[in-house]
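To start, the structure itself, in structure tokens.
Just so it is clear, the model here is predicted, and its values are computed rather than measured. Start at 1 with the first residue, then count along the sequence.
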Amino acid sequence: MLTIRKIAKLGSAYRNFKRYEQILQVLFKFGFGDMIRTLRLENCFEFGMNLFTRKDSKFEARSRPERVRMILEELGPAFIKLGQILSTRPDLIPLEYIQELNKLQDNVPSFPYEDVEKVIVAELGKTPDKLFMSFEREPTAAASIGQVHRAVTLDGEEVVVKVQRPGIREIIETDLEIMNHLAVLMENNLEEMAIQRPTAIVEEFARSIEKEIDYTIEASSARRFAMNFELNPDICVPRIFPELSSEKVLTLEFANGVKISELSSSPCPEQYDLKLIAARGTDAVMEQIFIHGFFHADPHPGNIFIMPDNRICFLDFGMMGSVSSQERHDFARLLNNILKAEENRIIQGVLKFVYYEDEPDYDSLQRDICDIIDQNIYRPMREIQLARILEQLMKTLTVNGLRLKPNLYIMLKALITIETIARDLDPDLEIIAHLKPFVRKIRMRHMNPLRLMAKMIDPIEDMFRALGDIPLSIENILEKTRKGNLKIEFEHMGLEPLLRTLERISDHIAYSIVLASLIIGSSLIVLSKIPPHYKNVPVIGIIGFVISGLIGFRILLFPHHTKKK
């Protein structure tokens, strides 16, 4: 598991200090100097205070979200991955930042073959030349977490091998420590940042990145995805080679196809049926979401290859999403109500997918939803764009202070992405025609009598078990009553404030009686002139008056101190 250690002083932690210095320099470079000065970092540094004398730069003219994206790109793999993960979390950051972070790309250099070999030997026990018939030394792609090499197995099968960057876990843990430290300082010193809960963002990033740096999880997701489509000949998934895979190495079948974004520039574009591919891709994502509830969370053009026979091959299963059966049914109902322009039911459906801190303005929400319907639904079928409807709906939710659940946002993003890709291939694609059969199917499945009866079995079984236990319970009660062992316990709720009030009243009464007694007794002693005297006044009377005064002042000045603990 990734660990986030707390940072106190940075003078002795050299690796933290050097990385911290680099991060602060980048923040100053992109115009966040005022924020850094407000964080009071001088309390954490034992040296290197020259950092705080640097001036902000020309990048201040750019928007804040754009500068945040540029900072993440410059700080390297861990921060790029942080931005990519946050781009799927509208519950953690504002929508304008999500739109900018969606532009993040893995623009990192590859690492040398010698390091690739070391990782493979450490994970699989042998060098690449002994595990593979051939292994290309130059990577075909490099990303934040690892890079990809072409190879041929000893059985002659073409494969690709994903190898994790050496030391990436340590790099991420160091950056996590610094991120967490900065997040704590932000929450303590910047009121506007405290609202965004930066420490929660870092914790969520740690949980998400933990899954991505374990290739066994990606392999498991790929197998599950392949099982879901094993009866669909139009969809293929690269086969995993478990004997050549581990936590840091993943070997999978080579997809001998063309990226979906490069079909028009392929050597033989006429061999591809673009309309058929658009329809198959759309149906595939609909099936993932509505039928299986387990879907590719990042179906961008680079992760979708088209095979020579127009089959669609999905790649890269590091980011997957899931929705429950109930969520699928509720989403199907919501889409059905949108298409029927049922404003009130749309609001009821939307509220099942969001959470909020303050009660929303339902009149304002209804007006905004009516605007979405008026702008989109009353059009010819082929002109209705589901992506546009969903984007407008997400913006409306944000404006009204409503936040989508993370898994549902990822689902909507997948639908928007696949429709955009499909319309590039087939501008006449009728997305609603593809959507309706799946909506109908999921709703009919939910109302299937056999399914409803199956859901009733467990509650009925529990009810009959409870009914069977009732006679025995009654018999035990009667037996205890007969033997005189039946005990009834009463618990008073809400009496504590009354008891404390009565205690304070009784304390004040007791102090008052003692005070009155001292005053009266002292007065009698003074009048009786009982010796000894001080200036013709009885000393005992003087002492009594002093004590009475002290008690009186205590009651007047510190009334709550008389409360019994």
Flag the pair E327 and K352 as a salt bridge only when some basic side-chain nitrogen lies within less than 4.0 angstrom of an acidic carboxylate oxygen.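 A salt bridge is absent here (no side-chain N lies under 4.0 Å from a carboxylate O).
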
Can a salt bridge be assigned to the pair R69 and E73 using a cut-off of 4.0 Å between side-chain N and carboxylate O? yes

So which heavy atom on [X] is nearest to which on [Y], and how close?
{"X": "P238", "Y": "L252", "result": "CB-CD1, 3.8 Å"}
{"X": "P308", "Y": "N256", "result": "CD-O, 3.7 Å"}
{"X": "S144", "Y": "I168", "result": "O-CD1, 3.8 Å"}
{"X": "L334", "Y": "I346", "result": "CD1-O, 3.6 Å"}
{"X": "I347", "Y": "I369", "result": "CG1-CD1, 3.6 Å"}

Partners of Q385 by side chain to side chain contact (heavy atoms under 4.5 Å, CB included), sequence neighbours excluded?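 Here the qualifying residues are R388, E419, R423.
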
What residues, two or more places apart in sequence or in another chain, satisfy side chain to side chain contact (heavy atoms under 4.5 Å, CB included) together with I384?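 R379, I389, I432.
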
Walk me through it: do I291 and N228 pass the test side-chain contact (heavy atoms from CB on, under 4.5 Å)? CA-CA 9 Å; I291 306 303; N228 289 342; over 6 Å; no

Any chance CZ of R328 has more than 12 other-residue heavy atoms, nucleotides or ligands included, within less than 6.0 Å? yes

More than 12 heavy atoms of other groups within 6.0 Å of K248 NZ: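 12 or below, so no.
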
Do [X] and [Y] make a side-chain contact, defined as non-hydrogen atoms from C-beta onward lying under 4.5 Å apart?
{"X": "V26", "Y": "L75", "value": "yes"}
{"X": "D361", "Y": "L365", "value": "no"}
{"X": "I312", "Y": "C236", "value": "no"}
{"X": "F225", "Y": "Q288", "value": "yes"}

Please lay out, stage by stage, how V285 and I289 fare under the test side-chain contact (heavy atoms from CB on, under 4.5 Å). CA-CA 6 Å; V285 172; I289 292 172; 4.0 Å; yes

Chi angles and distances behind the salt bridge (Lys or Arg N to Asp or Glu O under 4.0 Å) call for E218, K162: CA-CA 11 Å; E218 182 175 347; K162 291 179 66 173; 3.1 Å; yes

Residues that [X] engages under salt bridge (charged side-chain N to carboxylate O under 4.0 Å, His left out), provided they are two or more places apart:
{"X": "E247", "result": "R169"}
{"X": "E74", "result": "K29"}
{"X": "R280", "result": "D234"}

Please check this pair: side chain of [X] against backbone of [Y], looking for a donor-acceptor N/O pair closer than 3.5 Å.
{"X": "N336", "Y": "A332", "answer": "no"}
{"X": "R382", "Y": "E430", "answer": "no"}
{"X": "Q147", "Y": "F111", "answer": "yes"}
{"X": "E253", "Y": "R239", "answer": "yes"}
{"X": "S220", "Y": "I217", "answer": "no"}
{"X": "N337", "Y": "R333", "answer": "yes"}

Begin from the C-alpha positions of Y215 and E212 and carry the test side chain to side chain donor-acceptor pair (under 3.5 Å) through to its verdict. CA-CA 7 Å; Y215 286 165; E212 291 211 36; over 6 Å; no

Is it the case that [X] and [Y] place a side-chain donor and acceptor less than 3.5 Å from each other?
{"X": "Q375", "Y": "Y378", "value": "no"}
{"X": "Q348", "Y": "R345", "value": "no"}
{"X": "N102", "Y": "K413", "value": "yes"}
{"X": "D368", "Y": "N400", "value": "yes"}

Face-on cation placement of K259 at F305 ring, 6.0 Å and 45° thresholds: no

When you measure from the centre of the six-membered ring of Y356, is the NZ or CZ of R403 closer than 6.0 Å and no more than 45° off the axis? no

Enumerate the residue pairs fulfilling side chain to side chain donor-acceptor pair (under 3.5 Å) with a member in residues 298-321, sequence neighbours excluded, ordered by first and then second residue. H300-N303, D309-R311

What class does the angle between the rings of H296 and F317 fall in, given that below 30° is parallel, 30 to 60° is tilted and above 60° is perpendicular? tilted

Please verify the inter-ring angle class for F331 with F290; under 30° counts as parallel, over 60° as perpendicular, anything in between as tilted. parallel

Going through the distances and angles, do I306 and C313 end up as a side-chain contact (heavy atoms from CB on, under 4.5 Å)? CA-CA 6 Å; I306 306 302; C313 182; over 6 Å; no

Go through the steps for Q392 and K395 under the test side-chain contact (heavy atoms from CB on, under 4.5 Å), then give the verdict. CA-CA 5 Å; Q392 291 180 346; K395 288 180 180 178; 5.7 Å; no

Do the ring centers of H181 and Y20 come within less than 6.0 Å of each other? yes

